[in-house]
Amino acid sequence: MANPLYDNLFGKHAGRDAPFLHLVDGTVISYRDFLAQTAQLAHVLTGLGLSPGERVAVQVHKSPQALALCAACAQAGLVFLPLNTAYTTDELTYFIENSGAALVVCDAGKTASLTPVAAGLGAKVETLNADGGGSLTDKAAAAPDSFDTVARNADDLAAFLYTSGTTGRSKGAMLTQSNLLSNAQTLAQEWQFSADDVLLHALPIFHTHGLFVATNVTLVAGGSMIFMPGFDLDEILAQMPRATSMMGVPTFYTRLLDDARFTKEAAAHMRLFISGSAPLLAETHVQFETRTGQRILERYGMTETNMNTSNPYAGERRAGTVGFPLPGVELKITNPETGETLPQGEVGVIEVRGPNVFKGYWQMPEKTADELRADGFFITGDLGVIDEAGYVSIVGRGKDLIISGGYNIYPKEVELVLDEQGGVLESAVIGVPHPDFGETVVGVLVAQPGQSPDTDAIMEAVKGPLARFKHPRRLVVVDSLPRNTMGKVQKNLLRDAYKDMFMLA
Ligand code: MCA
Ligand code: AMP
């Protein structure tokens, strides 16, 4: 009987009294205690009648119990489906329906809106609140603290993460046990994580970055994490002297640099700062080194692939690049029209292949075929170039995507909502530079003839269908959208017209 993911991340720590989680209130949770809670939760999940391979949709605040629920899904052979806490009921309804989740776990405050959705699908609902209380942990408290791990194969599904598309609805990226495990093992080695590492963990645990990269790398190495509910600058600065490493989106680093308390001394105990999920400006990299004497290590990944490239731990961490393909990952730059591999130095679409690449999109064979080639290469939609030394740089996006503070926003999804609003003939949603979030959302509206859209009412109306981070930060009304001869909206011209909107003091 074996379950590679559970055995190699969690099971191998059975009985260890070493710390796994340090909470900001001073509580320390050992591996032994964490695994006991995991086992109790696994009993609850199987007691609810869930069978291996079924999906568990989870929209809960970050807590040790939420992480134990993820581990319990691995131990019980279930597919973990984490969901952004900012998602609205409209958004959640789609994810629950599309995934065919057998269980929905949410905050008690969400049960009234989600119970009817779940009931319509025959799914059960349990609660898990920000403080770790709720029906799930109540039941777990009475369960045995050891559990016979359910056997799974390396190729079995371990997680579903929804990622939006340039057209239509979100797609459930199916990640296998071996996708997650192989990447975590590679990263732990590349970044030289050990049992002595104490990782400052301020990322959410509903995305690849905080869940699979930060947590799984720590588990592979047997280190510990300072597990913070979210990004709190004061708390990060207070905790840094006892941490060795941190992973963050670029906003973490620009916020640190904006604070005079962040000095070389404040960072002296840290051996590694890692950035990803969005482009780190070369300027931020340089400022960081000037301030701390340390170079941020930038890496590049995607929900569908986990991590693909990384700057070297020991060699030169080159600003503005995402480093080299990870061991086991093949990366090529191709012509977007023909799919032909381009010579070194030319800009094209980044394609990757390796044990990290997902199995496909849940019940979307056409979308899978569009992006995942039969030979195993995944077409990322990112535009890149490889320099003569082999460093990969991301120079743009072939896909229409905005990344705000590390969260992805697909303009199409916002445009569909804006187009429905009173007085709006059509809309174009663009990303423009933002000092804190890197990029932010601007909606450009064209009025119906003879009408003037009420932008305040529109900002109110988007709250139902769209999570807060997707809301336009500004709406502008124009006479018409610029189009090329094919009739396609020229978003580059709009981006250029509004590029200084948030940057000028
Ligand atoms: C919060 N808000 C945001 C964002 N975060 N709006 C746009 N973009 C955001 N990222 C909203 C809040 O709801 C609030 O709205 C207002 O903006 C100000 O929030 P603030 O307090 O400043 O934000 P915060 O709570 O401090 O959060 C900012 C953050 C957070 C720390 C940067 O967004 C974050 O943790 N981002 C990390 C995301 C991440 O993990 N990405 C990885 C996915 P109001 O004013 O109305 O209340 S990508 C991935 O996994 C791939 C594979 C990869 O490569 O890593
Ligand atoms: P997600 O869909 O959340 O997995 O986001 C993946 C996307 O984030 C990638 O396709 C890139 O566009 C972007 N991304 C991740 N890491 C980096 C990075 N270091 N530099 C630039 N873009 C990045």
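Remember, it's 1-based here, ligands and their atoms both numbered in the order they're listed.
When the heavy atoms of His209, Arg299, Arg468 are ranked by distance to atom 14 (C) of ligand 1, first place goes to Arg468. Atom 38 (C) of ligand 1 has its nearest heavy-atom neighbour, among Phe231, Tyr300, Tyr407, Phe212, in Tyr407. Here atom 4 (O) of ligand 2 lies nearest to Thr303 when heavy atoms of Thr321, Thr303, Thr305, Thr208 are compared.
Near Thr208, with a cut-off below 4.0 Å to any heavy atom, the atoms of ligand 1 are 50 (O), 52 (C). Numbered from 1 in the order shown, with element, the atoms of ligand 2 that lie under 4.0 Å from a heavy atom of Met302 read 4 (O), 6 (C), 9 (C), 10 (O). Heavy-atom contacts of Leu203 reach the following atoms of ligand 1: 40 (O) (cutoff under 4.0 Å). Near Thr303, meaning under 4.0 Å from any of its heavy atoms, are these atoms of ligand 1: 52 (C). Annotation for ligand 1: atoms under 4.0 Å from non-hydrogen atoms of Arg473 are 3 (C), 6 (N), 7 (C), 11 (C), 17 (O).
Look at Gly230 and you'll find every heavy atom at least 4.0 Å from all atoms of ligand 1.
Residue-level proximity to ligand 1 for Phe252 is carried by the side chain, the only part with a heavy atom below 4.0 angstrom.
By the 4.0 Å N-to-carboxylate-O rule, Glu415 lies close enough to Lys491 to be salt-bridged with it. Taking the charged nitrogens against the carboxylate oxygens, Lys412 and Asp400 have no contact shorter than 4.0 Å, which rules out a salt bridge.
The distance between the ring centers of His207 and Tyr407 falls below 6.0 angstrom.
Polar contact with ligand 1: present for Ser404 (N/O pair, distance under 3.5 Å). Checked by distance only, ligand 1 and Arg255 come closer than 3.5 Å through their nitrogen or oxygen atoms.
For atom 36 (N) of ligand 1, the nearest non-hydrogen atom of the protein is Gly405 O, 2.9 Å.
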